[in-house]
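What follows is a short report on a single structure.
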Amino acid sequence: MPNIMKNLQTELERKSTPFCVDVIKCLEAVHKKFKKKIVDYCKFDHLCELILLNGLYPQNLKFLGEICKIDKNEAWWTDLADYIQLKLLMTISSILSGKIYRFPHRSTLDEKIINSFQNILITEITSNSDFKKIESIALSLQALATFDFSFYADSMALFVKDIVLDYLDDENPIIRKAAAKAGGLLYIRKTSSG
């Protein structure tokens, strides 16, 4: 199992274009078969970063969402789910605005890990033009509409106002529609949960 996880991680580090969804399918299969044992064979915070840097494809987000649901009774789960949600939001804000969004609510996560990922994101955004393509913007807006950001629910209205609203005036109708959908769904989630 350690070799399998190492090989999958190596594939993610390559950042192949186009992205190979089979890597995520393999991770899903390993997760399905071994459940919590998968955590013993890799550093999930790093794996999460690699997945996010390969693109916000639905398959990637589905896998990260499943990891967030591993076992909410485990002590490490809260930090892991918080890390995944924060790193995903940081990735989305980097793609949509070119900068890292500062959340009013800051979790108790290790700042060193968060700052390290911020540096990686900044480098990636400035050196990789794929992050500014319409597909990346649309995938980011779709991620906002579909992923469960329960740890940041109270901050999402400001996030949408500061990062997403400008896309309602985008010249591309697909982007406008995705921005409207993301904002609307986040609003509905917020009003129905609190």
Side-chain angles (χ1 to χ4, degrees), residues 8-17 19 23-24 27 39 42-68 76-167 175 178-179 182-183 186:
L8 291 171
Q9 190 167 321
T10 302
E11 281 302 312
L12 288 170
E13 287 168 351
R14 286 187 190 161
K15 297 181 195 137
S16 302
T17 305
F19 178 68
V23 175
I24 300 299
L27 284 169
V39 176
C42 72
K43 288 183 64 180
F44 259 92
D45 57 332
H46 182 62
L47 182 65
C48 168
E49 292 172 6
L50 291 173
I51 291 169
L52 292 173
L53 292 173
N54 273 280
L56 302 181
Y57 299 102
Q59 195 79 25
N60 297 13
L61 298 178
K62 179 182 171 223
F63 176 71
L64 291 174
E66 289 301 315
I67 295 303
C68 285
W76 52 265
W77 174 85
T78 301
D79 282 350
L80 179 62
D82 195 350
Y83 271 120
I84 290 171
Q85 291 178 30
L86 181 58
K87 288 179 178 183
L88 176 54
L89 286 167
M90 289 166 61
T91 305
I92 291 169
S93 73
S94 296
I95 291 169
L96 296 179
S97 70
K99 59 186 179 205
I100 306 289
Y101 184 77
R102 302 280 181 210
F103 285 91
H105 153 76
R106 282 306 294 227
S107 60
T108 58
L109 298 175
D110 183 349
E111 285 295 318
K112 206 159 88 172
I113 293 172
I114 299 303
N115 290 338
S116 170
F117 185 60
Q118 285 178 350
N119 292 335
I120 292 167
L121 262 179
I122 290 167
T123 302
E124 200 65 34
I125 294 293
T126 55
S127 66
N128 187 344
S129 62
D130 286 348
F131 282 104
K132 285 298 168 198
K133 289 184 178 177
I134 289 179
E135 179 188 22
S136 292
I137 294 168
L139 288 170
S140 295
L141 292 167
Q142 182 181 357
L144 274 176
T146 58
F147 201 84
D148 177 14
F149 294 105
S150 55
F151 283 93
Y152 296 89
D154 292 340
S155 303
M156 293 310 290
L158 284 173
F159 184 85
V160 168
K161 180 180 94 44
D162 294 341
I163 303 295
V164 178
L165 277 183
D166 289 342
Y167 285 95
I175 299 298
L186 287 167

Approximate separation, where rounding is to 0.5 Å, of Ser150 OG and Asp82 CG
8.5 Å
Enclosure of Lys132 NZ (heavy-atom neighbours >12, cutoff 6.0 Å)
yes
Apply side-chain contact (heavy atoms from CB on, under 4.5 Å) to residues Leu88 and Gln85 and explain how you reach the verdict.
CA-CA 5 Å; Leu88 176 54; Gln85 291 178 30; 5.8 Å; no
Decide side-chain contact (heavy atoms from CB on, under 4.5 Å) for Met156 and Leu144; before the verdict, give the C-alpha distance in whole Å, the side-chain angles of both, and the deciding distance to 0.1 Å.
CA-CA 9 Å; Met156 293 310 290; Leu144 274 176; 3.6 Å; yes
Sub-4.5 Å side-chain heavy-atom contact between Tyr101 and Ser155:
no
Could you list the donor-acceptor pairs under 3.5 angstrom formed between side-chain atoms of residues 53-61 and any protein atom two or more places apart in sequence or on another chain?
from, atom 1, to, atom 2, distance (Å)
Asn54, ND2, Leu12, O, 2.8
Asn54, ND2, Leu50, O, 2.7
Gln59, NE2, Glu28, OE1, 2.8
Gln59, NE2, Glu28, OE2, 3.1
Asn60, ND2, Ile51, O, 3.3
Asn60, ND2, Gly55, O, 2.8

Rounded to the nearest 0.5 angstrom, the CG-OG distance for Asp162 and Ser93 is 10.5 Å
Least distance between heavy atoms, Lys133 atom then Asp130 atom
NZ-OD1, 3.0 Å
Among all residues two or more places apart in sequence or in another chain, which pass the side chain to side chain contact (heavy atoms under 4.5 Å, CB included) test with Ser94?
Ile100, Leu121, Ile125
Using the test side chain to side chain contact (heavy atoms under 4.5 Å, CB included), find all partners of Asp166 that sit at least two apart in sequence or belong to another chain.
none
Please lay out, stage by stage, how Phe117 and Leu52 fare under the test side-chain contact (heavy atoms from CB on, under 4.5 Å).
CA-CA 11 Å; Phe117 185 60; Leu52 292 173; 4.2 Å; yes
To the nearest 0.5 Å, atom CD1 of Ile137 lies from atom CD1 of Ile95 at 8.5 Å
Under the side chain to side chain contact (heavy atoms under 4.5 Å, CB included) test, which residues partner Ala179, sequence neighbours left out?
Leu141, Val164, Tyr167, Leu168
Would you please name every residue forming a side chain to side chain contact (heavy atoms under 4.5 Å, CB included) with Asn119, sequence neighbours left out?
none
Is there a side-chain contact between Ile92 and Phe147 (heavy atoms, below 4.5 Å)?
no
Are any of the side-chain heavy atoms of Lys62 and Ile24 separated by less than 4.5 Å?
no
Test side-chain contact (heavy atoms from CB on, under 4.5 Å), reference Ile67, set Leu47, Ile84, Leu27, output is Ile84
Please list all pairs passing the salt bridge (Lys or Arg N to Asp or Glu O under 4.0 Å) test where one or both residues lie in residues 84-93, with sequence neighbours left out.
Glu49-Lys87
What is the distance from atom CD of Gln142 to atom CD of Glu135, rounded to the nearest 0.5 Å?
10.0 Å
Do any N or O atoms from the side chain of Glu11 and from the backbone of Val23 form a donor-acceptor pair under 3.5 angstrom?
no
In short, Ala182 meets Ala145 closest at the heavy-atom pair CA-CB, 3.8 Å
Find the distance between CE (Met90) and CD1 (Ile120) and round it off to the nearest 0.5 Å.
9.5 Å
Kindly give the heavy-atom pair with the smallest separation between Cys68 and Ala81, and that separation in Å.
SG-CA, 3.9 Å
